[in-house]
Each structure stands twice: as structure tokens, then as C-alpha cells.
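Just below is one structure, and these are the notes that go with it.
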Amino acid sequence: MEIGFIGLGNVGGKLAGCLQRNGFSLTVRDLNKISAAPFLEAGAKWADSPKDMAEACDVVITCLPSPAASAAVMEADDGILAGLTEGKIWAEMSTTDEEEIQRLGALVKARGASPVDCPVSGGCHRAATGNISIFAGCDRPVFEKMLPLLTTMGRRVLHTGDLGSASVLKVVTNYLCTVHLVALGEALMTSKMAGMDLATAYEAIRISSGNSFVHETESQVILNGSRDINFTMDLVVKDVSLFQSVADKHKVPLEISPLILDIFKDGEKRYGPREWSPNIVARLEDACGEKLLASGFPAEMLDDEPEETGYEVIVKR
């Protein structure tokens, strides 16, 4: 089986690396060919266009920064759709819009190929080790064909239902991650202003009912001062906006989500859209004249769990 991978950025490069080091034959492409160099040196092939990749590969995976980028790669004259034929699979691992993935999926099906939306969740450090979680929305037979690839790139793989369902759940989880991040900034700054030692506050939250995955990861790079979680403020705005669109479509009167969007749009104005997302706490630092810093915390997150073969998560009913 020949696997094509387009988009070798912070997440895509790590997912493609999981496939390559586990023996899959790989063809790669990125707008920045320098990003492809390590893969080519390790034996991967280069595709001159998305169309060429689709013609040469059984499965084409895209992992791109926005729905617009995915649409361009799919629908250009030399795009993926131009090279897809019957029996092939297009797997969208980007965070995208439910309606957009369904629109593109219909075009894929018209060519006799199969679409999958399979975004990831769990952070770049887990993408690097193949321990990230993956949601997959598609027909069950297509899911089973994709499962060996998905369990190579991720540890926990959940079949979420029809095409588009994974994209909805991805923006739901990203929204919750963002809420936790903002709340943790407030909790840590309140602890600081109340005279608490921040390392002690970190541990109190970690061992309590206030703990979360976000605390165990992003709070550490906040307290280190690097704020480097390989995710930027503009991506937060994109993802929370996608979540808000789902809620608006279904007439859910959200109260927290609009506030979160306002907070991060203000963060973009103050610090720039490409600022690391955990540095949203700088708004509180500026307001309080205090820094959220403590010794002993890492500058970036590394997955300390060994790489393991993934498995399908079965929903209890």
C-alpha cells in the first residue's frame, strides 16, 4: 500500500513520521520542500503535485492549517480530486468544518473513492510518539481499511459515525481545551496574587478534582515561561469559531464560547496571531503586574510514554 501525505507541519510531520518509521511506503508533499527533506532522505518519494500523489497512492492524507487550504489542495486543476480513482481513500486529518468535509467528501465519492475525516487530539508531543488520539468519521468498511494506518499514527482510535462526525467532535474537544486553558490562567494568577507558591499550586490542582490534561501539559509550559505548545492563537480562534458555528447552526445559546473568542481575539491584537496560545495568560500578567513563572517546569512537552500499537476505542452502550 502506498500512502501519500500532504502537510508536514507541526502535527502532520509527526504523523507522517510515525508511518515512515513503522515501515509504510510514503510519498510526501508540502509547500515548503525543506520540510520534506528528512522524509526524502529516509526513502520517501516526492509528489510534484497533489494530482500526481493521488494517481500514485492508495490513500492520500491531508493535514493542513485551515478548511480553505484543504479545499485548494483538493480542488485545484492539479489537485487531489483530479487524480483520485475508484477504490482510493482520501483521509482529512486537518481540523475542519463538518459541512465542508461533507461537500468535499461528495466530490470524492463521485470519483468512486472514499472520504474519511480523521482529526487528532492530544498535542504535538503525542503525535510524535504515535500515542495521540484519533477520531474517524466514515463508513464502517472504510474505517476498517484505514484502521492499520490510524493505529500506527495514534494509540486510541474512535469511529465516531458518518463523515463529518469526527470534525464536530474535534472542535468540541478543542473548545473544551481552550476553556480549560483560560480557566487555568485565572486559577494560577489568583493563586499567585493570594501568595501561594506556584509550584505548590500546580501540584494542588494536579492531584485534585480540578485536574485536566490541559493542566498537566499547558500549565507546565506556562510556568516555565516558554509558552510553547506548538499551537498558536490564530488556530484557537479558528477552532473555537468552528465550534461556535456548530452551536449556531443548531440554535444552542452558548455563553462561554463567545467570551473565549473575545479573549483570544484580544490576545491576537496584543501579542500577534502567531503567538503561542498558552501566552493568553499574558493578559492577566499585564493586568496584575505579576509573572506566572516557577522553576522546575519544562520548556516543551515530551511524551514520556513508550510508543505502542494503537487500538479501537469501543463505545459503551
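This structure is a prediction, so every number in the text was calculated from the model and none was measured.
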Going hydrophobic residue to hydrophobic residue with side-chain gaps under 4.5 angstrom, can you get from [X] over to [Y]?
X      : Y      : answer
Leu181 : Leu223 : yes
Val315 : Phe135 : yes
Val240 : Val172 : yes
Val246 : Tyr175 : yes
Val59  : Met53  : no

Main chain of [Y], side chain of [X]: is a donor-acceptor contact present, judged purely on distance under 3.5 Å?
X      : Y      : answer
Asp139 : Val142 : no
Asn22  : Cys18  : yes
Asp58  : Ile89  : no
Tyr271 : Ala282 : yes
Ser277 : Phe231 : yes
Asp30  : Lys33  : no
Ser208 : Ile205 : yes
Gln220 : Met301 : no
Arg111 : Leu107 : yes
Thr190 : Ala187 : no

What's the spacing between [X] [atom1] and [Y] [atom2] if we round to 0.5 Å?
X      : Y      : atom1 : atom2 : result
Leu64  : Leu8   : CG    : CG    : 9.5 Å
Leu158 : Leu169 : CG    : CG    : 7.5 Å
Leu242 : Asp239 : CG    : CG    : 6.0 Å
Met189 : Met196 : CE    : CE    : 14.5 Å
Cys118 : Lys170 : SG    : NZ    : 11.5 Å
Ile256 : Thr178 : CD1   : OG1   : 12.0 Å

Exercise. Step by step, work out the side chain to side chain contact (heavy atoms under 4.5 Å, CB included) result for Glu100 and Leu104.
Key: CA-CA 6 Å; Glu100 179 66 358; Leu104 291 174; 3.8 Å; yes

Please say whether more than 12 non-hydrogen atoms of neighbouring residues, nucleotides or ligands are located less than 6.0 Å from [atom1] in [X].
X      : atom1 : result
Leu31  : CG    : no
Asp77  : CG    : no
Lys249 : NZ    : yes
Asp162 : CG    : no
Glu305 : CD    : yes

Which atoms form the tightest heavy-atom contact between [X] and [Y], and what is the distance?
X      : Y      : value
Ile101 : Thr96  : CB-CG2, 4.1 Å
Asp117 : Gly164 : OD1-N, 3.1 Å
Lys88  : Glu55  : NZ-O, 2.8 Å
Pro38  : Gln20  : O-OE1, 4.5 Å
Gly137 : Ala166 : N-CB, 3.5 Å
Asp48  : Arg29  : O-NH1, 2.9 Å

Non-hydrogen side-chain atoms of [X] and [Y] separated by less than 4.5 Å:
X      : Y      : value
Arg156 : Ile134 : no
Trp46  : Asp52  : no
Glu275 : Thr232 : no
Met1   : Ile3   : yes
Leu259 : Ile263 : yes
Leu15  : Val120 : yes

Practice problem: Assess whether salt bridge (charged side-chain N to carboxylate O under 4.0 Å, His left out) is satisfied between Glu268 and Lys265, documenting all intermediate values. | Solution: CA-CA 5 Å; Glu268 284 187 302; Lys265 287 178 180 178; over 6 Å; no

Exercise. Any chance you could lay out the side chain to side chain contact (heavy atoms under 4.5 Å, CB included) test for Ser226 and Val221, step after step, and finish with the verdict?
Key: CA-CA 6 Å; Ser226 79; Val221 298; 3.8 Å; yes

Self-check item: Where at least one partner belongs to residues 186-213, residue pairs that pass ring pair (Phe, Tyr, Trp, His ring centres under 6.0 Å), sequence neighbours excluded
Solution: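 Sorted pair list: Tyr202-His215, Tyr202-Phe297.
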
Using a distance-only test with no angle check, is there a side-chain donor-acceptor pair under 3.5 angstrom linking [X] and [Y]?
X      : Y      : answer
Ser70  : Glu92  : yes
Trp90  : Thr62  : yes
Glu300 : Asn230 : no
Ser167 : Glu98  : no
Asn211 : Glu216 : yes
Thr129 : Asp303 : yes
Asp248 : Gln244 : yes

Quiz prompt | Working for side-chain hydrogen bond (donor to acceptor under 3.5 Å, both in side chains), residues Asn10 and Lys14 | solution = CA-CA 7 Å; Asn10 285 334; Lys14 294 174 177 63; 4.9 Å; no

Practice problem: Apply the side-chain hydrogen bond (donor to acceptor under 3.5 Å, both in side chains) test between Asn279 and each candidate in Glu285, Arg270, Arg227; give the one that qualifies. | Solution: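 With Asn279 as partner, Glu285, Arg270, Arg227 yield a single side-chain hydrogen bond (donor to acceptor under 3.5 Å, both in side chains), made by Arg227.
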
Practice problem: Apply side chain to side chain contact (heavy atoms under 4.5 Å, CB included) to Arg283 and Val281, showing your working. | Solution: CA-CA 5 Å; Arg283 294 170 73 253; Val281 300; over 6 Å; no

Any ion pair linking [Y] and [X] (charged N to carboxylate O, less than 4.0 Å)?
X      : Y      : result
Arg103 : Glu75  : yes
Glu2   : Lys45  : yes
Glu144 : Arg140 : yes

